[in-house]
Amino acid sequence: MNTVKLSDRLAAVASFVEEGAVLADIGSDHAYLPCYLVHAHKIERAIAGEVVKGPFESAVKNVKREGLDDHITVRLANGLSAIKEHDQVDTVTIAGMGGPLIATILQEGKDKLFSVKRIITQPNIHASSIRQWAMENGWKIVNEQILKEDGKIYEIIVLEKGKSVYDDLEIAVGPFLLQQRSDTFLEKWNREVLEWQRVLQSLEHAAETEEIRLKKDHLSKRIQLIGKVLSD
Ligand code: SAM
């Protein structure tokens, strides 16, 4: 029985999974993504990894209810330790977490990426951590997408193995997204810059401690960097 209907956000993540991929979905929660992909006949096999018992049990229940036990293995595991060598996973998805947590999962599980050709990430915040991790660890960005759902803006970053060099602006906003300059992209960065300007203004009235000075300096630099995108 196919009862899985994905959010636009997860459907966008799914669209970057290649036909016939062997998938590890890390932080799978209800295992909606692998269930959807198997039902859609896009993939045959997947691992659903989950570190918290409640979501792990939901994933087990859903996979059973969908009749997909022969296709999806659910494992209670931290990060990429859900992947075993014999799985021959070639694609990893990590969606719906903060960018720094995703980067930590990739960093701590680097030795599990032996057979992996493609990593698809959907950070809720601080996507820059993933771009930075990619550049420092022999991965390059091959595609990006930005989308808005229920008033929230999400970024998707797709990585494949290869050398990459990105400048500060590309790390901050994404090389592909920068080229595309979509309305959603401009909305996101307009919102961010307005918020930074508001915080900076409120700090003008604060006592000038070293901490405040550093914060003001950081905010001014961010506004200047991202301002370039908005003024072009
Ligand atoms: N991936 C799904 C999505 O995008 O809709 C679920 C996102 S949910 C907000 C994040 C899930 O990641 C939670 O179920 C959480 O328990 C799990 N998680 C967080 N850290 C993890 C880790 N180190 N290893 C595996 N799962 C993790």
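Indexing begins at 1, ligand by ligand and atom by atom, following the structure's order. Just so it is clear, the structure is predicted and the values come from calculations on it, not from any experiment.
Across Glu149 and Asp8, no two heavy atoms sit closer than the pair OE2-N, 2.7 Å. Across all their heavy atoms, Gly99 and Ile130 have their closest contact at O-CG1, 3.8 Å. In this structure, Ser164 and Lys140 approach most closely via the heavy-atom pair CB-CB, 3.7 Å.
With atom 9 (C) of ligand 1 as the reference point, the heavy atom nearest to it among Ser58, Ala31, Ala48, Gly96 is part of Gly96. Between atom 25 (C) of ligand 1 and the options Val51, Leu6, Leu33, the minimum heavy-atom separation is to Val51.
Of the charged side-chain nitrogens involved, none lies within less than 4.0 Å of a carboxylate oxygen, so that Glu19 and Lys42 do not count as a salt-bridged pair.
Nearest to atom 14 (O) of ligand 1 among the protein's heavy atoms is Glu50 OE1, 2.7 Å. Gly27 O, 3.3 Å is the protein heavy atom nearest to atom 6 (C) of ligand 1.
The part of Met97 lying near ligand 1 is the side chain, judged by heavy-atom distances below 4.0 Å. With a 4.0 Å heavy-atom cut-off, ligand 1 is reached by the backbone of Ala95 and by its side chain too. In Thr93, neither the side chain nor the backbone holds a heavy atom less than 4.0 Å from any atom of ligand 1. Neither the backbone nor the side chain of Asp25 comes within 4.0 Å of ligand 1, counting heavy atoms alone. For Ser7, no heavy-atom contact with ligand 1 is shorter than 4.0 Å.
Here the side chains of Arg75 and Asp87 are in contact, with some heavy-atom distance below 4.5 Å. The side-chain heavy atoms of Leu113 and Asn137, taken from C-beta on, include no pair separated by under 4.5 Å.
Listed by atom number, the atoms of ligand 1 under 4.0 Å from Gly79 heavy atoms are 22 (C), 23 (N), 24 (N), 25 (C). Distances below 4.0 Å separate heavy atoms of Ile105 from the following atoms of ligand 1: 22 (C), 23 (N). Those atoms of ligand 1 that come under 4.0 Å of a heavy atom in Val52, given as number and element, are 16 (O). Within ligand 1, counting atoms from 1 as listed, the ones closer than 4.0 Å to a heavy atom of Pro55 are 14 (O).
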Which is it for Gln107 and Trp133 under the side-chain hydrogen bond (donor to acceptor under 3.5 Å, both in side chains) test, yes or no, and what are the steps along the way? CA-CA 8 Å; Gln107 181 63 20; Trp133 179 87; 2.8 Å; yes
Decide yes or no on side-chain contact (heavy atoms from CB on, under 4.5 Å) for Leu33 and Leu6, but give the supporting numbers first. CA-CA 7 Å; Leu33 183 63; Leu6 294 187; 4.1 Å; yes
Could you walk me through whether Gln197 and Gln201 pass the side-chain hydrogen bond (donor to acceptor under 3.5 Å, both in side chains) test, one step at a time? CA-CA 6 Å; Gln197 282 169 337; Gln201 223 161 24; over 6 Å; no
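For ligand 1, the polar-atom distance check finds an N/O of Asn78 within less than 3.5 Å of one of the ligand's N/O atoms. Polar contact check, Ser28 against ligand 1: no nitrogen or oxygen pair lies under 3.5 Å apart.
For Arg9, the heavy-atom gap to ligand 1 drops under 4.0 angstrom. At least one heavy atom of Ala77 sits under 4.0 Å from some atom of ligand 1.
Under the 30°/60° scheme for interplanar angles, the aromatic rings of Trp189 and Phe185 are found to stand perpendicular.
Between the side chains of Asp25 and Thr93, at least one donor N or O sits under 3.5 Å from an acceptor N or O.
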